[in-house]
Amino acid sequence: MSNQLTKADAARKRNVKNPTSLLSALTNGGPVVWASCLVMGLGNMVAGQIGKGLIFLAIEAIVICLLALPMLTDLNGVAYTGMDWIRMLGNLGDRPDTKQWNEEEMIMEQVFGDRSHMILLYGIIFIAVIAVLVVFWRASVRSGYMALCTRKEGKKPLTLIQDIKELFDSNIHKLLMAFPFACLVVFTFIPLFYMISMAFTNYRKEAFYVGEVLTDHLNLFDWVGLDNFAELFSSGSVIAEQFWSVLSWTLIWAFFATFLNFFMGTFVAMIINRPTTQLKGFWRTVLSITIAVPQFVSLLLIGKMFADNGIINKVLMDTALTDEIVRWYSVTTGARIFVIVINLWVGIPYTVMQVTGILKNIPADLYEAARIDGANALQQFRHITLPYMIFVMTPYIITSFTGNINNFNVIFLLTGGSPNVLGQTAGTTDLLVTWLYKLSVDKQQYDIAAVIGICTFIVLSIVSLVTYRSSGSYKDEEGFK
Amino acid sequence: MANLAKTNKTGSLKTKRFTMDVLVHTLLLIIAIIWISPFVYLLAQSFRGGLNKSMEYSQFFPKIWSLENYTRLFTDTAVLNFPRMFMNTLMISCCSCVISTFFVMSVSYCMSRLKWKMRKPYMNMAMILGLFPGFMSMTATYFLLKAMGLTEGSNIPLALIICYSSGAGTGFYVMKGYMDTIPKALDEAAYLDGATKWQTYIKIILPLCKPMIVYQIITSFMGPWCDFIFCKLICRTNQQFYTVSIGLYTMLTMERINSWFTVFCAGAVLVAIPISILFIITQRFYQEAMSGSVKG
């Protein structure tokens, strides 16, 4: 039965695939198809699919209106067309704010100049609009050609009603994916491209003098090509120095945070799982409370508990363990150890949860065989438990490594990146992500922030690609089955 | 002689095992105390009475116990309006959990059950998007929402709902993995009976995914309760739209902590309890889901 079905599927696929590519439509299609390149939906209308053709035509009309009619306004209330905004992308605007004498009201009036970040954003929005047009254009040419072909074979192409019905059957993926994907394009892709393009500008709040006037690049900025990347990688610049120290600390942090969590979590899970350990469920519940309570609550609280006037110091003083208050995160090394230790508190419960399930899945006969061969507990752990766990847990370790590189909450809520270094924007416990946050939200150095975002992305992709490809679970999926 | 040696040996094994047990249980006790004490401290401080509301010079367990922090949380609404924050968060998370569950279900169905041309590219794209640090496009999203006029006045909750739910189209991995375990034969049987794919989706796949849907709904419901970065950026000084998390965060800022610390503890307890309960429910459903979709 299923064989028949797959055959039918394959036949349908062949049918659909061959004649409908854009290229074959353009080469084999007659003048009507060529005309439908200009007037979208013409092919469908000629073939009798009036409704579908009109929808395509309407889409074309709407998009052309969006691009050609004055739509979005600048700060003075003057509307520009979409094409104007795209054209302005070339130099990102060059008119500074000025003052103008208003004759009617007899006052000096503020006339706003260009705002480069608006031009950049609107330009990208309209480029996205053009991209949408291209997608629909391609679909319309192909669908027109297909409808004409069907007509030529003497059959009747689908009516609009039938098309809509197909949307609930063979084309259901178009229906279901439309909204999520549209949201993704508008609220993920456009911001992402916007931010990436900032990496190639000099959009930052860094004051400099033009003659006598103090100014900055917050209103007007320009394309600078790869200058920001050059600044980041040139030796000697302040940014470069910070970048390398933050990057190395990020990697050290991710390494310790991941592996200490993994080994200590495994240890705790194993001692809970010992056959003679009592109250197994209780110990696990206690640990999982940490996961259940929102992180911002527990981390904020712990940050305050370890503050100079916090409860930990109070208890230490009361029990006379120390004479003076311990400043847990005033020195770089201390602060770094502190965040790693607190991260253990956050992370071990997750590992225990993961590992407990896996430990139960290890085939018991492996241990039995080992015992018969006279292996002791340590040897069993070394040769059975550990390899098995590493095999199963590699994807988890990789995701937690990348997760730790991006671990914003722990650093931001505990130390906020402090201790700070004089004259630098990054504190010594800042990770790339928290530094990025500081640069874009607090310091308004959007260009450098964007460059750092791109670098973080590159680091993450390298780490996950390399480790994943060299891991056992990728090379040999059936290894332990 | 041999017998004696044997009993000696089992005896020493027994004592060895006993000492190990004692060691392990002491260790576990220490671990449990370390893990639980911050929450005990939180709970104890939330019931602290007296005039001193600051964190300084506080005892681990308060001398005067009272409920005044909780009453203040709900009555002292002039500076920080906790009830309103609670309602804001509730509304935002209800809306965003409906939208994002709908998105996740649609996308995972397309990824798991259907074969179409852009399936693989879409999955790769989702993976690559996941590698960009989330905060990178945060300011850009803010500019975009501002250009749409969503960051002013009563549009702010809408902007927050968009923030929390718009990215759901990439979070389909767990759900897809679950749907993959539903046998393809069920779909095929339905097709043979003349069902359209829409009917298969609504009448067969969705009901089978019930435990995972509950998991998904609760997970996305909890999002707005735990996030404060996006909210802080979008609300800025518009206090009437603050969510709970940002309200609690504000209570611990330098200028407020001295008069608000115990109130923060009360608020944190009130937020943490329902979230923990929801979390435990999700775990139950998650485990139920992981034990297989179609039984027998």
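Below, each value reflects all heavy atoms present in this structure, side chains not excepted, and no hydrogens, waters or symmetry copies. Just so we're on the same page: letters track the sequence lines, and every chain starts at 1. Bear in mind that the values here come from a model prediction, so they are computed numbers and not experimental data.
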Check: With only heavy atoms counted, which part of A:Asp308 is less than 4.5 Å from chain B, the side chain, the backbone, both or neither?
Finding: neither
Next item on the list: First locate atom CD1 of B:Ile229, then atom CG of A:Asn409, and finally report the distance between them rounded to the nearest 0.5 Å.
Entry: 7.0 Å
Check: Hey, what do you get for CE (B:Met111) to NE2 (A:His173), rounding to the nearest 0.5 Å?
Finding: 10.0 Å
Checklist line | Minimum heavy-atom distance B:Ala140-A:Pro191, with the two atoms named | finding: CB-O, 3.3 Å
Notebook entry, point to check: In Å, rounded to the nearest 0.5 Å, how long is the span from CG of B:Asn258 to CG of A:Asn309?
Noted result: 8.0 Å
Notebook entry, point to check: Does any heavy atom of chain B fall under 4.5 Å from the side chain of A:Leu413, the backbone, both, or neither of them?
Noted result: side chain
Notebook entry, point to check: Mind checking whether A:Trp283 and B:Leu29 have side chains closer than 4.5 Å, heavy atoms only?
Noted result: yes
Margin query: Report which part of B:Met251 has an atom under 4.5 Å of a heavy atom belonging to chain A: side chain, backbone, both, or neither.
Written below: neither
Item checked: Mutual orientation of the aromatic rings belonging to B:Tyr249 and A:Phe412 [parallel < 30°, tilted 30-60°, perpendicular > 60°] -> parallel
Note to self: Would you call the rings of B:Trp35 and A:Trp345 parallel, tilted or perpendicular, taking 30° and 60° as the class edges?
What the structure shows: parallel
Check: Once the angle between the rings of A:Tyr194 and B:Phe143 is folded into 0 to 90°, is it parallel (under 30°), tilted (30 to 60°) or perpendicular (over 60°)?
Finding: perpendicular
Check: Do you know which of B:Trp225, B:Tyr109, B:Tyr122, B:Phe264 has the most heavy-atom pairs under 4.5 Å to chain A?
Finding: B:Tyr122
Check: For A:Met353, is it the side chain, the backbone, both, or neither that has a heavy atom closer than 4.5 Å to a heavy atom of chain B?
Finding: side chain
Next item on the list: With the side chain counted from C-beta on, respond yes when A:Val441 and B:Lys232 share a heavy-atom pair under 4.5 Å apart, and no when they do not.
Entry: no
Checklist line | Proximal component of A:Ile190, with respect to chain B [non-hydrogen, under 4.5 Å] | finding: side chain
Next item on the list: Would you indicate whether the side-chain heavy atoms of B:His25 and A:Leu279 approach each other to under 4.5 Å?
Entry: no
Item checked: B:Gln45 CD to A:Leu301 CG distance, which is reported to the nearest 0.5 Å -> 9.0 Å
Check: What part of A:Val293 lies closer than 4.5 angstrom to a heavy atom of chain B: side chain, backbone, both or neither?
Finding: both
Margin query: To the closest 0.5 Å, what do you measure between CD1 (B:Ile128) and OG (A:Ser461)?
Written below: 8.0 Å
Margin query: Less than 4.5 Å apart, side chain to side chain, heavy atoms only: is that true for A:Ile196 and B:Phe132?
Written below: yes
Check: Out of B:Gly130, B:Ser166, B:Gly267, B:Ala272, which one racks up the most heavy-atom pairs below 4.5 Å with chain A?
Finding: B:Ser166
Note to self: Is there a side-chain contact between A:Cys183 and B:Phe103 in this structure, where contact means two heavy atoms from C-beta onward sitting under 4.5 Å apart?
What the structure shows: yes
Next item on the list: Under the side-chain contact (heavy atoms from CB on, under 4.5 Å) rule, what do A:Phe189 and B:Met125 come out as? Steps first, then yes or no, please.
Entry: CA-CA 11 Å; A:Phe189 277 107; B:Met125 180 208 78; 3.3 Å; yes
Note to self: Could you report the tightest heavy-atom contact between B:Asp21 and A:Arg274, atom names first, then the distance?
What the structure shows: OD1-NH2, 3.0 Å
Item checked: Proximal component of A:Leu184, with respect to chain B [non-hydrogen, under 4.5 Å] -> both
Notebook entry, point to check: Hey, what do you get for OG (B:Ser137) to CZ (A:Phe187), rounding to the nearest 0.5 Å?
Noted result: 12.5 Å
Check: Considering only heavy atoms, which portion of A:Ile124 lies under 4.5 Å from any heavy atom of chain B: side chain, backbone, both, or neither?
Finding: neither
Next item on the list: Decide side-chain contact (heavy atoms from CB on, under 4.5 Å) for A:Ile125 and B:Leu144; before the verdict, give the C-alpha distance in whole Å, the side-chain angles of both, and the deciding distance to 0.1 Å.
Entry: CA-CA 9 Å; A:Ile125 290 176; B:Leu144 181 70; 3.9 Å; yes
Next item on the list: Could you walk me through whether B:Leu129 and A:Leu192 pass the side-chain contact (heavy atoms from CB on, under 4.5 Å) test, one step at a time?
Entry: CA-CA 9 Å; B:Leu129 277 184; A:Leu192 198 62; 3.6 Å; yes
Next item on the list: Assign the ring pair A:Phe168 / B:Trp198 to parallel, tilted or perpendicular, where the plane angle (0 to 90°) is split at 30° and 60°.
Entry: perpendicular
Checklist line | Among B:Gly169, B:Cys110, B:Ala268, B:Ala195, residue most engaged with chain A (heavy-atom pairs, under 4.5 Å) | finding: B:Cys110
Margin query: So for A:Leu344, is it side chain, backbone, both, or neither that comes closer than 4.5 Å to the heavy atoms of chain B?
Written below: backbone
Checklist line | Residues that A:Asp169 engages under salt bridge (charged side-chain N to carboxylate O under 4.0 Å, His left out), provided they are two or more places apart | finding: none
Checklist line | Residue, of B:Ile36, B:Ile162, B:Ile31, that accumulates the most heavy atom pairs under 4.5 Å with chain A | finding: B:Ile162
Notebook entry, point to check: Side chains of A:Lys174 and B:Trp116: does their closest heavy-atom pair fall under 4.5 Å?
Noted result: no
Next item on the list: State which residues pass side-chain contact (heavy atoms from CB on, under 4.5 Å) with B:Cys226; sequence neighbours excluded, sorted by chain then number.
Entry: A:Pro294
Check: Of all of B:Ile280, B:Thr170, B:Leu233, B:Leu28, which one pairs up most often with chain A through heavy atoms under 4.5 Å apart?
Finding: B:Leu28
Check: Which is it for B:Leu248 and A:Phe296 under the side-chain contact (heavy atoms from CB on, under 4.5 Å) test, yes or no, and what are the steps along the way?
Finding: CA-CA 9 Å; B:Leu248 292 178; A:Phe296 81 95; 4.0 Å; yes
Notebook entry, point to check: Is there side-chain contact between B:Thr196 and A:Ile172, with heavy atoms separated by less than 4.5 Å?
Noted result: no
Checklist line | Engaged part of B:Ala32 at the chain A interface, taking heavy atoms whose separation is under 4.5 Å | finding: both
Notebook entry, point to check: Where does B:Met105 contact chain A at under 4.5 Å (heavy atoms): side chain, backbone, both or neither?
Noted result: neither
Next item on the list: Using non-hydrogen atoms and a 4.5 Å limit, figure out which bit of A:Val186 sits close to chain B: side chain, backbone, both or neither.
Entry: both
Next item on the list: Please look at B:Phe279 and chain A and tell me whether the side chain, the backbone, both or neither of the residue comes under 4.5 angstrom of a heavy atom of that chain.
Entry: side chain
Check: Taking the side chain as C-beta and beyond, is there a heavy-atom pair between B:Arg119 and A:Met177 under 4.5 Å?
Finding: no
Next item on the list: Check whether B:Ile257 gets within reach of chain A through its side chain, its backbone, both or neither, counting any heavy atom under 4.5 Å.
Entry: side chain
Check: Pick from B:Thr200, B:Leu131, B:Ile34: which one has the most heavy-atom pairs with chain A under 4.5 Å?
Finding: B:Leu131
Notebook entry, point to check: For A:Ala182, is it the side chain, the backbone, both, or neither that has a heavy atom closer than 4.5 Å to a heavy atom of chain B?
Noted result: neither
